[in-house]
> 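Okay, here's the structure, questions in a sec.
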Amino acid sequence: MPDRAPQPVDRQLPTDEARDLISLVRDIAQREIAPRAAEEEDAGRFPRELFTLLSESGLLGLPYDSEYGGGEQPYEVYLQVLEELATARLTVGLGVSVHTLASYALAAYGTKEQQAEHLPAMLGGGLLGAYCLSEPASGSDAASLRTRAVRDGDDWVITGTKAWITHGGVADFCTVMARTGEEGPRGITAFLVPGDAEGLSAALPEKKMGMKGSPTAQLHFDGVRVPDARRVGEEGQGFAIALAALDGGRLGIAACAIGLAQAALDEALGYAAERRQFGKPIADFQGLRFMIADMATQIEAGRALYLAAARLRDVGRPYAKQAAMAKLHCTDTAMRVTTDAVQILGGYGYTADFPAERYMREAKVLQIVEGTNQIQRMVIARHLAGPETR
């Protein structure tokens, strides 16, 4: 059978530094991440040592200021790094995206003193973050969250439960949205909570159909006391901070989705070139060739969409609508492409001997996290047609 190795994505990168960065990421992905991905996902093992390696390599703070240990890379470059990582293993790519999301509040809204104290360890000191917005009864309706923070002298005391927390139980710090005032979005404040804070505990990780190597768990806050110096932004500003973070986070999910879809396409192409039926490779059959052409076109369209949104962000223009579009299109693409990859592999695609079935299971969650795709459609429609009438 012919040896058909996947071809690297031909990327348009703005600088030589960015090209060197992508080469570094590909080297780490090929040597350290991809060879262990299937075994560790099957075992449900979280690769914490890989995140330590990524931190040491300067890859956990790419879009943030170099003053505090960040890489000061444009989002256009950072997202392509995420895509490369997710192609090797979604748990790693998505983990970097979540860490970036968790670091955003302090990087964008913290005081100079807060940033100087905490950001160097968060961005390049080996720490790993979690983003705590969702709750058992407040997912899509995030503004109805019930976790409460009560002022007690110079401290805040946080009580409540957060749900669906990526890195729950393993994170070193948590960006937590808690209610400090009135009902609704204006009564929410952001806090930076240490992962080992007294009164903070994690439930057993959720048993999921995919992404088994990435721990997702409820976090319980039982009178967790944090000083006011760990409040991020103004009182009542937390929901606005959360939404701003999610705009960038949705682009991270979009890039991860395209990385996963690219991995599925590479697997399908390799199999189709090797598998012979009726005396020739199945890649010669027009039905499969059309499927592969459609898969590749959807991936390229998704990549162009998330990069266009990233470039808007990089020049300071509004990009919330484009971020929602990218998240919607790219994650739907990942679901279609991974499903088609299983189909191309036939019966083998349904077995754990090949990664296609894992890719399909992993793709599903990307249509749910950081705002379901139904929520993305609501966001896009509001930008186009205005808010719904009451």
> Output all residues satisfying salt bridge (charged side-chain N to carboxylate O under 4.0 Å, His left out) with Arg146, sequence neighbours left out; order by chain, then residue number.
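Once residues adjacent in sequence are excluded, the partners of Arg146 under the salt bridge (charged side-chain N to carboxylate O under 4.0 Å, His left out) criterion are Glu183.
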> Which pair of non-hydrogen atoms, one from Ala171 and one from Ala130, has the smallest distance, and what is that distance?
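Looks like CB-CB, 3.6 Å.
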> Is it the case that Lys280 places NZ or CZ above or below the six-membered ring of Phe285, under 6.0 angstrom from the centre and within 45 degrees of the axis?
yes
> What closest approach, in Å, do Thr100 and Pro63 show between heavy atoms, and which atom pair accounts for it?
CG2-CG, 3.7 Å
> Consider only side-chain N and O atoms of Asp294 and Gln298, and report whether a donor and an acceptor are under 3.5 Å apart.
no
> For Tyr75, what residues pass the ring-ring contact (aromatic ring centres under 6.0 Å, His included) criterion, not counting sequence neighbours?
Tyr78
> Give me the atom names and distance for the closest heavy-atom approach of Thr180 to Arg148.
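Where Thr180 meets Arg148 most closely, the heavy atoms are C-NH1, 4.3 Å.
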> Within a strict 4.5 Å, meaning less than it, do heavy atoms of the Glu40 and Lys212 side chains meet?
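Answer no - side chains too far apart.
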> Is there a path of hydrophobic side-chain contacts, each under 4.5 Å between heavy atoms, that joins Val224 and Ile165?
yes
> Under 6.0 Å between ring centres: does that hold for Tyr104 and Tyr131?
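Aromatic pair excluded; centres sit 6.0 Å or further apart.
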> Kindly check if the number of other-residue, nucleotide or ligand heavy atoms within 6.0 Å of CD (Glu206) is above 12?
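More than 12 heavy atoms, drawn from other residues, nucleotides or ligands, come within 6.0 Å of this atom.
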> Just by distance, do the side chain of Gln322 and the backbone of Leu305 share a donor-acceptor pair under 3.5 Å?
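No; judged by distance alone, with no hydrogens or angles, the pair does not exist.
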> Does CZ in Arg45 sit with more than 12 non-hydrogen atoms of other residues, nucleotides or ligands closer than 6.0 Å?
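Counting other residues, nucleotides and ligands, CZ of Arg45 exceeds 12 neighbours.
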> Side-chain contact, heavy-atom cut-off 4.5 Å: Leu50 with Arg36?
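Yes; the side chains approach each other to less than 4.5 Å.
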> Assigning hydrophobic clusters by single linkage (Ile, Leu, Val, Met, Phe, Trp, Tyr; side-chain heavy-atom cutoff under 4.5 Å), is Leu288 placed with Phe278?
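Yes; tracing contacts between hydrophobic side chains, which count when under 4.5 Å, links both residues.
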> With a 4.5 Å heavy-atom cut-off, do Leu246 and Leu133 have their side chains touching?
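Contact flag for Leu246/Leu133 side chains = yes.
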> In the structure I gave you, are the side-chain heavy atoms of Pro120 and Gln115 within less than 4.5 Å of one another anywhere?
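A side-chain contact under 4.5 Å is absent here.
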> When hydrophobic residues are tied together by side-chain contacts of less than 4.5 Å, even through go-betweens, does Leu243 share a cluster with Tyr109?
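Yes: a chain of side-chain contacts under 4.5 Å links Leu243 to Tyr109.
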> Testing the 3.5 Å rule here: is there a donor-acceptor pair between the side chains of Lys162 and Ser134?
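On atom types as modelled, these side chains do not qualify, holding no pair under 3.5 Å.
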> Would you give the length of the straight line joining atom CG of Asp284 to atom CZ of Arg289, rounded to the nearest 0.5 angstrom?
6.0 Å
> With heavy-atom distances below 4.5 Å as the criterion, would you say the side chains of Ile28 and Leu24 are in contact?
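The answer is yes, as the side chains (C-beta and beyond) meet within the 4.5 Å cut-off.
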> How would you list, by chain and number, every residue that makes a salt bridge (charged side-chain N to carboxylate O under 4.0 Å, His left out) with Asp141, sequence neighbours excluded?
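Scan of Asp141 (salt bridge (charged side-chain N to carboxylate O under 4.0 Å, His left out), adjacent residues dropped) gives none.
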> Output, in order, the C-alpha distance, side-chain angles, deciding distance and verdict of salt bridge (charged side-chain N to carboxylate O under 4.0 Å, His left out) for Arg31 and Asp27.
CA-CA 6 Å; Arg31 286 189 299 104; Asp27 181 59; 2.9 Å; yes
> Hey, what do you get for CD (Gln376) to CD (Gln367), rounding to the nearest 0.5 Å?
11.5 Å
> Is there a salt bridge (charged side-chain N to carboxylate O under 4.0 Å, His left out) between Asp247 and Lys327? Walk through the geometry before answering.
CA-CA 10 Å; Asp247 284 340; Lys327 198 274 183 181; over 6 Å; no
> Under the 3.5 angstrom rule, does the side chain of Arg276 hit a backbone N or O of Gly279 as a donor-acceptor pair?
yes
> Taking Arg230 as the fixed residue, which of Val193, Leu192, Leu106 is the one that meets the side chain to side chain contact (heavy atoms under 4.5 Å, CB included) rule?
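Of the listed residues Val193, Leu192, Leu106, the side chain to side chain contact (heavy atoms under 4.5 Å, CB included) partner of Arg230 is Leu192.
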> With ILVMFWY side chains joined below 4.5 Å, transitively, what does Trp164's cluster contain besides itself?
none
> Is there a donor in the side chain of Thr189 and an acceptor in the side chain of Gln237, or the other way round, less than 3.5 Å apart?
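Per modelled atom types, Thr189 and Gln237 side chains form no pair under 3.5 Å.
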> Please find out if less than 6.0 Å separates the ring center of Tyr306 from that of His329.
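Aromatic pair excluded; centres sit 6.0 Å or further apart.
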> Linking I/L/V/M/F/W/Y whenever any side-chain heavy atoms sit under 4.5 Å apart, do Val342 and Met291 land together?
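In one cluster: no.
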> Given salt bridge (charged side-chain N to carboxylate O under 4.0 Å, His left out), test Arg186 with Glu182 step by step and report yes or no.
CA-CA 7 Å; Arg186 292 181 179 151; Glu182 63 187 82; 5.5 Å; no
> Which heavy atom of Pro47 sits nearest a heavy atom of Thr91, and at what distance?
CD-CG2, 4.0 Å
> For Gly93, does its backbone N or O pair with a side-chain atom of Ser97 as donor and acceptor, under 3.5 Å?
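No, because the side chain of Ser97 does not come within donor-acceptor range (under 3.5 Å) of the backbone of Gly93.
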> Would you mind listing every side chain to side chain donor-acceptor pair (under 3.5 Å) that reaches into residues 50-68, with sequence neighbours excluded?
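The answer is Ser66-Glu72.
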> About how many Å separate NZ of Lys364 and CE of Met211, when rounded to the nearest 0.5 Å?
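The distance works out to 15.0 Å.
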> Enter the distance from Arg231:CZ to Glu235:CD here, rounded to the nearest 0.5 Å.
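It is 5.5 Å, given to the nearest 0.5 Å.
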> How would you list, by chain and number, every residue that makes a ring-ring contact (aromatic ring centres under 6.0 Å, His included) with Tyr348, sequence neighbours excluded?
Phe354
> Just so I know, are the side chains of Thr331 and Ile253 near enough to count as touching, which here means a heavy-atom distance under 4.5 Å?
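Yes - at least one pair of side-chain heavy atoms lies under 4.5 Å apart.
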> With sequence neighbours excluded, what pairs up with Val379 under the side-chain contact (heavy atoms from CB on, under 4.5 Å) test?
Arg250, Ala324, Ile375, His383
> I'd like to know if Ile241 and Ile188 are part of one continuous hydrophobic network [Ile/Leu/Val/Met/Phe/Trp/Tyr, side-chain heavy atoms within less than 4.5 Å].
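In one cluster: yes.
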> Verify the distance criterion only: is there a donor paired with an acceptor across the side chains of Glu17 and Gln73 at less than 3.5 Å?
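Yes.
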> Are any non-hydrogen side-chain atoms of Thr175 and Val232 less than 4.5 angstrom apart?
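The answer is no; the side chains never approach within 4.5 Å.
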> I'd like to know if the side chain of Thr161 pairs up with that of His220 as donor and acceptor (distance under 3.5 Å, no hydrogens or angles considered).
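There is such a pair between these side chains.
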> Side-chain donor-acceptor contacts of residues 153-160 below 3.5 Å, not counting sequence neighbours, with atom names and distances?
unit_1 : atom_1 : unit_2 : atom_2 : d
Asp155 : OD2    : Arg225 : NH1    : 3.3
Trp156 : NE1    : Asp228 : OD1    : 2.8

> side-chain contact (heavy atoms from CB on, under 4.5 Å), that's the test. Do Cys174 and Leu219 meet it? Break it down for me.
CA-CA 10 Å; Cys174 305; Leu219 291 182; 4.0 Å; yes
> Can you tell me how far apart CD1 (Ile344) and OG1 (Thr339) are? Round to the nearest 0.5 Å.
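Atom-to-atom, Ile344:CD1 and Thr339:OG1 are 11.0 Å apart.
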> Considering residues at least two apart in sequence or located in another chain, which fulfil the ring-ring contact (aromatic ring centres under 6.0 Å, His included) criterion with Tyr359?
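Once residues adjacent in sequence are excluded, Tyr359 has no partner under the ring-ring contact (aromatic ring centres under 6.0 Å, His included) criterion.
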> Among all residues two or more places apart in sequence or in another chain, which pass the ring-ring contact (aromatic ring centres under 6.0 Å, His included) test with Phe173?
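So Phe173 forms a ring-ring contact (aromatic ring centres under 6.0 Å, His included) with His99.
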> So, using salt bridge (charged side-chain N to carboxylate O under 4.0 Å, His left out) as the criterion, who are the partners of Glu84 when residues are at least two apart?
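In terms of salt bridge (charged side-chain N to carboxylate O under 4.0 Å, His left out), with neighbours along the sequence ignored, Glu84 is linked to Arg11, Arg26.
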> Considering only residues two or more places apart or on different chains, which pairs with a residue in residues 374-389 satisfy salt bridge (charged side-chain N to carboxylate O under 4.0 Å, His left out)?
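Pairs touching residues 374-389 that pass the test: Asp332-Arg377, Arg382-Glu388.
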> Is the closest side-chain heavy-atom distance between Arg303 and Glu83 below 4.5 Å?
yes
